[in-house]
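One structure below.
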Amino acid sequence: GRAWTRVDALNETLKDREVLLRGRVHNVRGKGKSAFIVLRQQTATVQVTLFVDDVNVSKGMVKWASALARESVVDVKGLVVHPEVPIESCTQKEVEVVCREIHCISRSDPELPFLIEDASRPDSAFEAEDTQFVRVLQDTRLNNRVMDLRTPANNAIFKIQSGVGTLFREALLRRNFTEIHTPKLIAGASEGGAAVFKLDYMQVGPACLAQSPQLYKQMAIMGDLEGVFEIGPVFRAEDSNTHRHLCEFTGLDMEMTIKEHYDEVLDVLDELFVSMFDGLNERFKREIGVVNEQHPFEPLQYCRPSLRLTFEEGVKMLQEAGEEVDPLGDIGTETERVLGRLVKEKYGTDFYMLTRYPLNARPFYTMPAPDDPNYTNSFDIFIRGQEIISGAQRIHDPKLLAERAEACGIELPTIQPYIDSFKYGAMPHGGCGVGLERVAMLFLNLPNIRKTSMFPRDPKRLTP
Ligand code: 4AD
């Protein structure tokens, strides 16, 4: 095949060389006998020039190039030269390409839903009241998601999002955990409550989409897999129209045997998340910088070992700050944010663990605290005051488990095989579920989970 050069590899060392490029027409200006194309490949841009009377360039060719619709895919063969002044509007400022051949590979519809440059402007561009810039609204972006993904920040966000999953997997494989794949078509709710998508399953009857791999990852532990994890879709039929809820998200789940205390799970998570944050900062330096240009944010502060507070300590901090909280209830989203700010002020970290939640605030399978049945061996983990993880030690006594399920209104027959899996000798165990989109959103301090979900599913959106 022919030798292609990547646009992001174009620099002064290639001066006087002929290169072959494939990219999109980011922008084109025709001026009489000349045309200037900004050629974009992923997030890199370079200026391509055509002058009538240059080698191979005719009047017709300049006219044809000037009329190319933005976003069309073109192949350009040309000479790398040093521009008289740096091309400030391009990422490759030190060079430009004098065009010798240009072919259109795929024409774009000239009616674009929005311009990539409008969709890429920094948030600050819209702060002034008299701003001339067109703001591309979230729904417009999501309705035209493929176009929206072409902005530099979005390209970077989905590389970082991918990194979250990769680093989670790597950290657990290092610890000899086994990656598993559990069914998403299941007989009954895995998290209780009404928030399940119901469907009819062949000749069996009613079924639902898994709200989590919870029951099956525990069953894998009962199958003596010791430590397991899964990266897969999670379905929630919650009518929550918020910045942090989706109806389908990617769950990073893990489950492991424990010997003495559920702190053992927290120890694993501590190392896992610190290595994940370190890994993101190291591997995605460039991408983090790109996101920062459009959506400036403070880098995540975390410490090692991570901060652990009990729920009771959290309640005390909140009460001292004048917040009203029920010490045996759950704390709401807004109160969580307040606690996040208090923790940041006192301990200087954006990442912390809150342990020992009240029984009323946790799902049926959660192990009650041995010293006080009002509390549980459980935890939530937060980034910037928002929940990214919830986890716990699980009940491994089938009798107690059935009692708790019934008390929580679960129809026992739908989960009987799960309860039975603890009948033949059950290892004490615990684990957690992490929302991948939330980790990516909060690591980058983005304002909405739809920014870190490629094709978000929310109560009002099922397409594209
Ligand atoms: O808190 P959740 O519902 O816990 C479970 O699913 C348990 N099975 C976990 C366990 O192992 N005990 O969900 C876990 C995480 C949350 O902390 C949050 O990050 C994310 O999943 N999450 C959501 N993300 C996006 N949209 C939603 N609707 C979410 N609901 C939960």
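As the structure lists them, so they are numbered: ligands from 1, and atoms in each ligand from 1.
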Exercise for review: Verify the distance criterion only: is there a donor paired with an acceptor across the side chains of Gln294 and Thr151 at less than 3.5 Å?
Suggested key: no
Practice item. Give a yes/no on ligand 1: does Met254 have at least one heavy atom closer than 4.0 angstrom to it? Key: no
Exercise for review: Quick one: look at Tyr365 and ligand 1, take heavy-atom pairs under 4.0 Å, and tell me if it's side chain, backbone, both or neither.
Suggested key: side chain
Exercise for review: Using distance alone, determine whether Gly433 and ligand 1 share an N or O pair under 3.5 Å.
Suggested key: yes
Ignoring hydrogens and angles, write down the donor-acceptor pairs under 3.5 Å from the side chains of residues 378-394, residues two or more places apart or on other chains.
unit_1, atom_1, unit_2, atom_2, d
Ser378, OG, Tyr357, N, 3.3
Ser378, OG, Thr376, OG1, 2.7
Asp380, OD1, Arg362, NH1, 3.0
Asp380, OD1, Arg362, NH2, 3.1
Asp380, OD2, Tyr357, OH, 3.4
Arg384, NE, Leu442, O, 2.6
Arg384, NH1, Glu298, O, 3.1
Arg384, NH2, Glu298, O, 3.0
Arg384, NH2, Phe443, O, 3.0
Gln386, OE1, His243, NE2, 2.9
Gln393, OE1, Asn377, ND2, 2.9
Arg394, NE, Glu255, OE1, 3.4
Arg394, NE, Glu255, OE2, 2.8
Arg394, NE, Ala392, O, 3.4
Arg394, NH2, Glu255, OE1, 2.8
Arg394, NH2, Gly431, O, 3.0

Check your understanding: Got an N/O contact under 3.5 Å between Arg236 and ligand 1?
Key -> yes
Check your understanding: Less than 3.5 Å between some nitrogen or oxygen of Gly391 and one of ligand 1, yes or no?
Key -> no
Exercise for review: Ignoring angles and geometry beyond distance, decide whether Glu191 reaches within less than 3.5 Å of ligand 1 through its nitrogen or oxygen atoms.
Suggested key: yes
Check your understanding: Just heavy atoms, cut-off under 4.0 Å: does Ile449 contact ligand 1 by side chain, backbone, both, or neither?
Key -> side chain
Exercise for review: Would you check whether Ile389 has a nitrogen or oxygen atom less than 3.5 angstrom from a nitrogen or oxygen atom of ligand 1?
Suggested key: yes
Review point. Could an N or O of ligand 1 be found under 3.5 Å from any N or O of Gln214, whether backbone or side chain?
Key: yes
Review point. Purely on distance, is any nitrogen or oxygen of Leu246 under 3.5 Å from one on ligand 1?
Key: yes
Practice item. Can you sort out the partners of Asp330 under salt bridge (Lys or Arg N to Asp or Glu O under 4.0 Å), two or more places apart, ordered by chain and number? Key: none
